[in-house]
Structures are given as structure tokens and as C-alpha cells.
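Taking it in order: structure first as C-alpha cells, then the write-up.
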Amino acid sequence: PRQVISEAQVSTPRVVIAPTRDELAALVADKFMVRASKALARTGALRVVLTGGGLGTEVLRAIAAHPKRDELDWTKVTFFWGDERFVPRGDDDRNDRAAREALLDIVNVPEDHIVSFPASDDVDSLTEAATIARDALRRYGTDDEWPTFDIAFAGMGPDGHVLSVFPGSDASRVNSPDVLAVSDSPKPPPERLTMSLALLNRSARVWIVTAGADKAAGLGLALAGASVVEVPASGLSGGHSTKIFTDAELAGLLPEELLRREQFWSADDERADYIPQALRGD
């Protein structure tokens with residue numbers, strides 16, 4: 001039998017491999033439903049950090065289509081974003097717009113439980129937007145000013161960037177919780193707002209969800225222990241667990257010596273370990 005790795009062992013992330021991109025999104029949706037249900041039963045509240053991008057939105061659609069979706073009390077869930085493009089409020093590039101259309105509006109999350117970053121037509125400057133976002137987040141914190149989260153989603157770019165923290169950027173060198181103004185993103189649009197990695201790491205569980213052959217180099221370097229400045233994905237670590245959910249296309253391009261590690265799990269292993277029969281639909 002497979003040795004179960006304790007989720008408390010956060011120094012080495014677990015890598016979970018699904019056969020296809022669609023199955024990856026479905027697996028992460030199942031995983032979210034399990035964890036969200038447990039957290040709400042235990043504490044009566046849930047804080048989730050969302051990511052943007054195509055795959056991040058696919059995961060939200062899979063959650064919206066989940067057969068147990070309406071059994072979750074969405075009025076007790078508060079949503080934040082790891083980063084946002086500094087464009088007008090209704091722009092297609094906004095991560096919060098995609099999330100609303102894919103899930104939040106469907107399950108009727110209360111407006112005061114959606115903590116989005118300011119848009120370019122809300123304020124006069126990117127700097128002002130960062131200040132407003134910083135103050136908004138601190139209102140959810142305690143004595144040390146910054147909040148904690150239950151689950152944080154993150155995507156990963158081919159260069160190993162996460163959130164809007166890019167390799168070699170000033171943001172990649174910030175090692176304290178903060179909301180950062182990014183004015184020179186190498187990926188358009190150039191102006192963005194982002195949590196620092198240290199702020200996202202105030203989540204109990206950090207889930208990086210990434211797929212596709214173009215991400216293999218970045219993921220390989222992150223798993224091999226590249227520096228955070230060179231590969232920001234190396235710097236994500238949840239307080240309780242860190243998991244990387246990926247697909248077989250990407251995993252098949254990783255070096256063989258990485259794939260032999262005990263940290264690599266199949267989607268079936270992950271389901272058998274964490275997802276009860278009632279949520280699997282079998």
C-alpha cells in the first residue's frame with residue numbers, strides 16, 4: 001500500500017497528476033468541495049484566495065457544476081484574489097469578472113463577501129489602488145494586521161511566475177506580507193496588483209493548479225529547488241499543506257529523477273486518500 005504523506009509536511013509539496021486537463025479541473029473541484037465542507041462544519045466560515053487564467057476559471061466552472069454544489073453554504077464563504085490586472089472594472093482581463101461569471105454569481109455569493117482589487121476606473125493611480133487594497137485586506141486581519149486564509153489557489157506561468165510575481169522582479173524579493181503595485185509586468189497588461197508570496201502563504205492550504213507542456217520547465221525548476229527570485233513558484237508554501245495539481249502532459253515532460261520521488265501521486269491516489277465516496281459520484 002502507498003505510504004500516506006502527512007499534510008503537515010509542508011517542506012515538500014505533493015504533486016498530484018490527473019490524466020487530462022478536464023479531469024484535473026474535476027479533481028480540484030472535488031477536493032475543494034471536501035475541504036470547504038469540512039471547514040464550514042468546523043468553524044462556520046471559509047476564506048478562499050482565487051487565481052485567474054484559463055485553468056483557474058475552468059476549476060471554478062467545475063465547482064459550479066459539482067453535484068454537491070448547493071449543499072455548501074456560500075453565504076459563509078469570503079473570496080479574495082491573489083492578483084488582478086489594473087484595467088477597468090468590466091474589462092474581460094479582470095480576474096474577478098471571470099470568477100463571477102464562472103461561479104460567484106451562479107451561487108449568489110453576497111457582495112460583501114467578494115473582496116476584489118480596485119479597478120483602473122475606481123481610482124486615480126496604481127499606487128492608490130495598492131493602498132486601498134492593502135487597507136481592505138487588513139480589515140480581515142487580527143492584531144498583526146494581515147488576514148489568514150483557508151485555501152489559496154495559484155496558477156503558474158511557463159517562466160515559473162505565480163500571481164503577478166515574475167522572475168527577477170522587485171516583487172520576487174519581497175519576503176513580508178503586502179499588496180504590491182506592479183507597473184512593468186512582462187506579460188500584458190503591464191499594470192497589476194498582487195499579493196506578495198508571503199501574504200498568500202498565510203493560507204492553511206496552497207494549491208498550485210497548472211497544466212500543459214509549456215509549464216514543464218518552470219515546474220521542474222521549482223521542484224528542483226530553484227531560488228524564489230529565479231522561479232517564484234518555489235516560494236509558495238501553505239501553513240498546513242502545499243499541493244501542485246497538474247496533468248499527465250506536463251508531468252510526462254519532467255525529469256525522470258523527479259517523477260520517482262514519493263511526493264508524486266496519481267489522481268486516483270488523491271481521491272482514495274481524501275475524497276469520500278459520497279462526493280465522487282461513483
Side-chain angles (χ1 to χ4, degrees), residues 6-10 13-16 18 24-53 55-66 68-69 71-84 95-96 98-100 102-104 106-107 109-110 113-116 137 140-141 146-156 162-163 177 194-210 233 235-246 265 267 270-271 273-276 279:
S6 168
E7 285 204 351
Q9 297 172 9
V10 299
R14 178 184 298 176
V15 182
V16 182
L24 172 62
L27 172 66
V28 177
D30 269 345
K31 177 80 174 168
F32 175 82
M33 292 300 298
V34 170
R35 286 300 175 200
S37 298
K38 288 183 176 180
L40 289 174
R42 185 175 64 252
T43 68
L46 182 73
R47 291 178 175 180
V48 180
V49 181
L50 298 179
T51 186
L55 184 53
T57 303
E58 287 172 38
V59 169
L60 297 185
R61 291 195 189 104
I63 294 171
H66 198 281
K68 301 292 184 180
R69 181 196 75 193
E71 295 182 11
L72 206 67
D73 187 349
W74 294 98
T75 67
K76 296 179 179 178
V77 186
T78 303
F79 290 95
F80 305 80
W81 277 264
D83 73 325
E84 184 60 274
N95 291 334
D96 61 1
R100 283 176 176 274
L103 176 66
L104 306 189
I106 294 172
V107 296
V109 175
H113 283 211
I114 299 174
V115 188
S116 59
L137 277 167
Y140 289 86
W146 292 105
T148 57
F149 311 100
D150 298 289
I151 298 169
F153 289 98
M156 190 195 75
V162 288
L163 315 180
T194 187
M195 290 185 178
S196 66
L197 302 184
L199 179 51
L200 192 83
N201 286 346
R202 290 174 64 83
S203 178
R205 291 176 169 83
V206 171
W207 297 349
I208 301 173
V209 186
T210 188
L236 290 186
S237 179
H240 188 77
S241 70
T242 311
K243 294 192 177 181
I244 300 169
F245 293 91
T246 189
W265 285 49
E270 182 73 10
R271 287 180 184 276
D273 191 22
Y274 283 102
I275 300 176
L279 278 173

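Residues take their numbers from the sequence shown, with the count starting at 1.
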Side-chain touch T78/V48, heavy atoms, less than 4.5 angstrom: no
Interatomic distance, R14 atom CZ to W207 atom CH2 [nearest 0.5 angstrom]: 11.5 Å
Closest heavy-atom pair and its distance - P177, A198: N-CB, 3.7 Å
Expected output: side-chain R69 to main-chain A64 donor-acceptor under 3.5 Å: yes
Steps toward side chain to side chain contact (heavy atoms under 4.5 Å, CB included) verdict (V107, L72): CA-CA 9 Å; V107 296; L72 206 67; over 6 Å; no
Distance-minimising heavy-atom pair for S237 and T242: CA-OG1, 3.3 Å
Side chain S203, main chain A152, donor-acceptor under 3.5 Å: yes
CD1-CG distance between I151 and L50, expressed to the nearest 0.5 angstrom: 10.0 Å
Shortest non-hydrogen separation from H113 to T75 and the atoms involved: CE1-O, 2.7 Å
Set of side-chain contact (heavy atoms from CB on, under 4.5 Å) partners for D83, sequence neighbours left out: N95, L163, S164, R192, T194
Candidate pair L24 and L55, rule side chain to side chain contact (heavy atoms under 4.5 Å, CB included), full reasoning: CA-CA 9 Å; L24 172 62; L55 184 53; 3.9 Å; yes
Sequence-distant partners of F80, ring pair (Phe, Tyr, Trp, His ring centres under 6.0 Å), two or more places apart: Y140, F149
Residue pair H66 / D30, side-chain heavy-atom distance below 4.5 Å: yes
Residue pair A154 / L236: nearest heavy atoms and the distance that separates them: CB-CD1, 3.8 Å
Nearest heavy-atom neighbours spanning D150 and A45: OD2-O, 4.2 Å
Pairing residues for T51 by the side-chain contact (heavy atoms from CB on, under 4.5 Å) criterion, not counting sequence neighbours: F153
Nearest heavy atoms of G44 and K76, plus distance in Å: O-CD, 3.4 Å
Under the side-chain hydrogen bond (donor to acceptor under 3.5 Å, both in side chains) test, residues paired with T148 that sit two or more places apart: none
R202 side chain to W146 backbone, donor-acceptor under 3.5 Å: yes
Side-chain heavy-atom pair R100, I114 within 4.5 angstrom cut-off: yes
For W81, ring pair (Phe, Tyr, Trp, His ring centres under 6.0 Å) partners two or more places apart: none
By side-chain contact (heavy atoms from CB on, under 4.5 Å) - contacts of A65 (at least two apart): none
Side chain proximity check, V109 to V77, heavy atoms < 4.5 angstrom: no
Validation row: F32, L46 side chains within 4.5 angstrom (heavy atoms): yes
Test item: E84 side-chain N/O and D96 main-chain N/O as donor-acceptor pair under 3.5 Å: yes
